[in-house]
Amino acid sequence: MAHQEPDCLFCRIVRGEIPAKIVYRNDHVLAFRDISPVSPQHVLIIPLRHIASLSDLSPEDEGIAGQILLAASSVPGILGIRESGYRFVFNTGPDAMQSVFHIHGHLIGGKQMGWPPFPA
Ligand code: AMP
């Protein structure tokens, strides 16, 4: 098993200690439905290995960074939003309101979104 933190919420989901609605898993990443979805399709894509945030990636993480992006490319097909479109967002740090410190990309779709993603 890749490096884990005992008390990390998402490491606990990786270990199966907390239930999750899993949509995709391979040897490197896990994709599961967000418990509080902000759109009709809202899935979190995480590495099995504990990395706290996007800011904590180092050059040695090139492989896992690629695996996360590859999952973000394939999971929309599972969700049926490959053609309609989707967004892949990493909340990082206080201004972005990151609340779980195990790196995760929010894959959201299933509705028309606006841009910019915040009120002017
Ligand atoms: P962030 O605010 O970017 O750190 O996102 C954390 C996300 O994790 C939020 O969208 C939460 O709804 C989601 N979340 C928290 N606990 C769980 C859980 N047990 N299962 C699935 N998603 C969760």
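Heads up: numbering here begins at 1 and tracks the sequence.
Atom-to-atom distance recorded for I46:CD1 and L44:CG is 8.0 Å, nearest 0.5 angstrom. Distance CG/L79 to OG/S84: 9.5 Å, rounded to 0.5 Å. In this structure, the separation between CG on L30 and CZ on R25 is 5.5 Å, given to the nearest 0.5 Å. Distance CZ/R49 to CD/E5: 12.0 Å, rounded to 0.5 Å. How far CG of L70 is from CG of N26: 9.0 Å, rounded to the nearest 0.5 Å.
With ring centers used as reference points, F10 lies under 6.0 Å from H104.
The two residues S39 and K111 make their nearest non-hydrogen contact at CB-CD, 3.9 Å. The two residues R15 and P6 have their closest heavy-atom pair at NH2-O, 2.9 Å. Here the closest non-hydrogen pair linking P40 and G110 is CG-O, 3.4 Å. The two residues A31 and V43 come nearest to each other via the heavy atoms CB-CG1, 3.8 Å.
Under the 4.5 Å side-chain heavy-atom criterion for Ile, Leu, Val, Met, Phe, Trp and Tyr, Y86 and I78 are members of the same hydrophobic cluster. There is a path of hydrophobic side-chain contacts, each under 4.5 Å, that joins V29 to L107. Following chains of ILVMFWY side-chain contacts shorter than 4.5 Å, one cannot reach I35 starting from I13, and the two form parts of different hydrophobic clusters. There is a path of hydrophobic side-chain contacts, each under 4.5 Å, that joins V14 to I18. One hydrophobic cluster, built from ILVMFWY side chains closer than 4.5 Å, cannot hold both L48 and L54; they sit in different ones.
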(request) Starting from the C-alpha separation in whole Å, work towards a yes-or-no answer on side chain to side chain contact (heavy atoms under 4.5 Å, CB included) for L9 and H102. (result) CA-CA 8 Å; L9 175 64; H102 179 133; over 6 Å; no

(message) Working note: H106 + R87, criterion side chain to side chain contact (heavy atoms under 4.5 Å, CB included); need CA distance, chi angles, decisive distance, verdict.
(response) CA-CA 8 Å; H106 295 255; R87 201 168 274 171; over 6 Å; no

(message) Applying side chain to side chain contact (heavy atoms under 4.5 Å, CB included) to I22 and Y24, what does each step give before you reach the verdict?
(response) CA-CA 6 Å; I22 292 170; Y24 177 76; 5.8 Å; no

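A heavy-atom distance below 4.5 Å is found between the side chains of I108 and M113. Using a 4.5 Å heavy-atom threshold, the side chains of I51 and D61 count as touching. Using a 4.5 Å cut-off on side-chain heavy atoms (C-beta onward), S53 and Q98 make contact.
When atom types are taken as modelled, the side chain of T92 and the backbone of F90 share a donor-acceptor pair closer than 3.5 angstrom.
The environment of Q112 atom CD is sparse: at most 12 non-hydrogen atoms of other residues, nucleotides or ligands sit within 6.0 angstrom.
The residues R12 and D7 are annotated as not salt-bridged, no charged nitrogen and carboxylate oxygen being separated by less than 4.0 angstrom.
Ring planes of H50 and H3: perpendicular class, angle over 60° (limits at 30 and 60°).
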